[in-house]
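Written out below as structure tokens is the structure these notes cover.
We're numbering straight along the sequence, starting at 1.
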Amino acid sequence: MKVIFYILTLFFLNFCQGQNPQLLDSLLQVQIANNFAHDTLRVKNYLALTASYYPINKDSAAYYNQLAHDLASQINYRTAALRALNNIGVFHFEKGKYDEAETIYQQVLEEALKDENPRTEMFANWNLGNIENTRGNYEAALEYCIRAADIAQREGEMSILAQLYINMSIFSDELGLDQERRRYAIKAKNVSSKIDNNYALANAYSILANSYFNDNLDSVKYYFLQADSIVKNQRMPAIEWEIHSGLGHVALQQNQLVEALNHFKISQNVSNSFQTHTQIFRTSCDLARVFVQLDMQDSAEFYFDNFLRLTDSVGQVHFKNACIQDLIKFYEQTGRYNKATVLYRELLNSMDSSFNQEVKIAVLDLERKYQIAEKERELLEQRLIVDERTRQRNGLLFIAGFLGSLILFVYLFQRQRIRKNKLITTQEHKLQSKKIQQLENEKKLLAMSSMIEGQEAERIRIARDLHDGLGGLLSSLKAHFNTIQREIEELESVNVYQKVNSLIDTASSEVRRISHNMVPHALQMLGLNDALKDFCIPAQSDQTNVHYEWSGSEERFAEDKEIMLYRIAQELLNNAIKYAQAQNILVQINRFDHELNLIVEDDGIGFDFDSAIKSGGLGLKSVQSRISYLKGTMDIDSKPGEGTSISIQVPLKSGSD
């Protein structure tokens, strides 16, 4: 079985990007933005749009490529103009317009030689080789590929070199050079393995599989399956088509018709999605052959008709003639001798014209080789003249340049010494300033830490004194007062007992409230979640609805951090209740692995943050100090009349802190 990969090769050479809707949208947005930008950027973006549209819409790809070529030619951007011109050759090639494609590739080659652009010269030789391949002139095709491979080897283009070895293996096979065919395929496999190029590696395995068709079908199947393991879940439609087409032919030779039909069906789906005439043409013939053996005449005739519709759009003469012979046999078997006779005459004419065409192609090839050699000789002479003039000019300039360079060297050396000394002095000064600033920051942080710790210690002492001292005293006072009440019943008539008892209860509640605000008992015993919940629930009133939420783990962390966060939430909620005139207040905490997020929102009157800070309010400054101590950040979104949203992020060192 013969394998032709030229369309696949051209696609990966000129359109390296796949179908990606997000990339396409991005490119279109960039193009819109660049409409009034630099022309060079517009050309590059047109070429990128060409590459992105190519797999999904050939007309759009051709449109953007033409825009790139016209603009690049207009601004004399030669590299991009040659690339766009090469792409035009690709479009002609895939439509079966081989003469037009050859003319363009010859023009690209001439321009590349003038510009001494080896990469473009390499692509032009490669594509010209593919043109000769479609015409059956495999010797010329191999020669073009060898030239391209020499350039790829010299320029270090290993990925392209692997593809060229694949083509060289195919052309060697067409010339009957079996040893060269397998040798180039192995080279392709080795190179693509080293550079981790899955596309070239799968291609090489497929070539190796085809090289064993006349020797060992097990080896054929093994290498095709190796290739199939690479292309799975990847967009390599041409190789996928070759794999299933090859496996179908293996099954066909082993008389496994159902398996062959399944593989040819897969190759048909791939070729239809990729819209390549040659592959659709070959698959139609393969399916027709299988249906003939399955004695399904209607299906066989359908695919033979499909094959006939495509005969004028492909250039594989030998394969076309073989399929026509199969169709002649099919017409004979079904009794349609008139159609068989007409096809037989066309086949004879095709063979004669094919022979004449091969002679003509050989002559044109010799003329082309001569023209290329002449152009190379002229370019070499021009280069020698330029080199000689350059040497003479350099000789005259050398002495003057040497003396000038010596003077300049002495001057620059002294200047460099002075600059280096200044730079060292500047760096030392910056380093000293940085150390001083660092020490000042550490001093401020230490002072802030000591102040906050002192405040909390004083709160604890006051709370303990209130609870243990004044609270106990009030309780004792109430007990003594109850005793007096029992002894002096007549006091009830003046209602003194109820009034005094009510005042004592109010004083006890106020002591508990102050003590709780100083150091909430729930925070010490149960943690931040329960403490905040215990604080938020009593804060509700008929005028204000307070909603509290906690999300995430309730695992305890450092006591000082819990106290700081409690004070921050306490201050923000009190501010919202006192000043915001809000109907709804949300207090929300989100606990993550390494961060805690505190959010306080209200639908009140809002405020201007800068004005609040300038007014000297201690509330926000206290909150800012505590957040700085916790190494956190605070975002405030508030405008007068639009409510307030405060979000605080505090880092946690670990899951428990």
Side-chain angles (χ1 to χ4, degrees), residues 445 448-449 452 455-456 517 520 522-523 527-541 543-657:
L445 184 61
M448 184 184 296
S449 175
I452 293 174
Q455 289 178 349
E456 291 302 325
N517 286 338
L523 180 64
L528 182 62
N529 183 21
D530 289 314
L532 287 176
K533 189 186 300 181
D534 193 36
F535 177 71
C536 290
I537 292 174
Q540 295 198 68
S541 65
Q543 292 78 23
T544 304
N545 176 35
V546 180
H547 182 68
Y548 171 72
E549 294 180 359
W550 177 287
S551 175
S553 172
E554 297 186 22
E555 188 177 357
R556 298 290 298 271
F557 38 88
E559 182 181 356
D560 61 334
K561 190 165 291 186
E562 286 188 340
I563 292 174
M564 293 295 177
L565 289 168
Y566 180 84
R567 296 299 179 206
I568 292 170
Q570 184 184 44
E571 183 66 35
L572 294 177
L573 181 58
N574 285 333
N575 285 345
I577 293 173
K578 291 179 181 179
Y579 307 116
Q581 301 179 19
Q583 295 182 354
N584 297 283
I585 300 175
L586 169 66
V587 179
Q588 184 182 64
I589 290 186
N590 300 298
R591 171 76 177 271
F592 305 103
D593 290 340
H594 302 291
E595 184 182 70
L596 185 139
N597 175 231
L598 168 62
I599 298 174
V600 178
E601 294 183 347
D602 66 69
D603 56 359
I605 62 175
F607 68 94
D608 183 75
F609 177 75
D610 294 333
S611 300
I613 292 296
K614 290 179 181 179
S615 66
L618 295 178
L620 283 177
K621 289 186 177 180
S622 173
V623 170
Q624 286 182 316
S625 299
R626 295 179 189 278
I627 292 173
S628 298
Y629 175 75
L630 296 174
K631 298 180 180 179
T633 60
M634 177 173 67
D635 297 321
I636 298 179
D637 182 13
S638 180
K639 293 181 181 179
E642 297 183 7
T644 302
S645 176
I646 301 176
S647 177
I648 297 169
Q649 291 77 35
V650 176
L652 303 177
K653 293 182 178 179
S654 65
S656 60
D657 185 15

Atom [atom1] in [X], atom [atom2] in [Y]: separation rounded to 0.5 Å?
{"X": "C536", "Y": "I585", "atom1": "SG", "atom2": "CD1", "value": "9.0 Å"}
{"X": "R626", "Y": "I563", "atom1": "CZ", "atom2": "CD1", "value": "9.5 Å"}
{"X": "I648", "Y": "N597", "atom1": "CD1", "atom2": "CG", "value": "9.0 Å"}
{"X": "Y579", "Y": "N574", "atom1": "OH", "atom2": "CG", "value": "9.0 Å"}
{"X": "N584", "Y": "N545", "atom1": "CG", "atom2": "CG", "value": "5.0 Å"}
{"X": "L532", "Y": "W550", "atom1": "CG", "atom2": "CH2", "value": "7.0 Å"}

- Item | Residues R556, E562: salt bridge by 4.0 Å N-O rule |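 Salt bridge present between R556 and E562.
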
Quick one about [Y] and [X] (side-chain donor to acceptor, distance below 3.5 Å, no hydrogens or angles considered), yes or no?
{"X": "T644", "Y": "D637", "result": "no"}
{"X": "S551", "Y": "E549", "result": "no"}
{"X": "D534", "Y": "Y548", "result": "no"}

- Task: Give the minimum heavy-atom separation between P651 and G632, together with the two atoms involved.
- Result: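 Shortest heavy-atom contact: CD-CA, 4.0 Å.
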
- Query: What are the two closest non-hydrogen atoms of S553 and R591, and how far apart are they?
  - Reply: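 Closest approach of S553 to R591, heavy atoms only: O-CG, 3.4 Å.
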
- Main-chain N/O of G643 paired to S638 side chain as donor or acceptor, under 3.5 Å: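 Checked: pair present.
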
- Item | Within 6.0 Å of CD in Q540, more than 12 heavy atoms from elsewhere |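 For Q540, atom CD is crowded (more than 12 foreign heavy atoms under 6.0 Å).
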
If you define the side chain from C-beta out and look only at heavy atoms, does anything of [X] sit under 4.5 Å from [Y]?
{"X": "L596", "Y": "L565", "answer": "yes"}
{"X": "F607", "Y": "I636", "answer": "yes"}
{"X": "E571", "Y": "Y566", "answer": "no"}
{"X": "Q624", "Y": "M634", "answer": "yes"}
{"X": "D602", "Y": "Q581", "answer": "no"}
{"X": "V587", "Y": "L573", "answer": "yes"}
{"X": "I568", "Y": "L630", "answer": "yes"}
{"X": "E595", "Y": "N590", "answer": "no"}

- Query: Which is it for L528 and F557 under the side-chain contact (heavy atoms from CB on, under 4.5 Å) test, yes or no, and what are the steps along the way?
  - Reply: CA-CA 9 Å; L528 182 62; F557 38 88; 4.0 Å; yes

- Query: Between I627 and M564, does a side-chain contact (heavy atoms from CB on, under 4.5 Å) hold up when you go through it step by step?
  - Reply: CA-CA 8 Å; I627 292 173; M564 293 295 177; over 6 Å; no

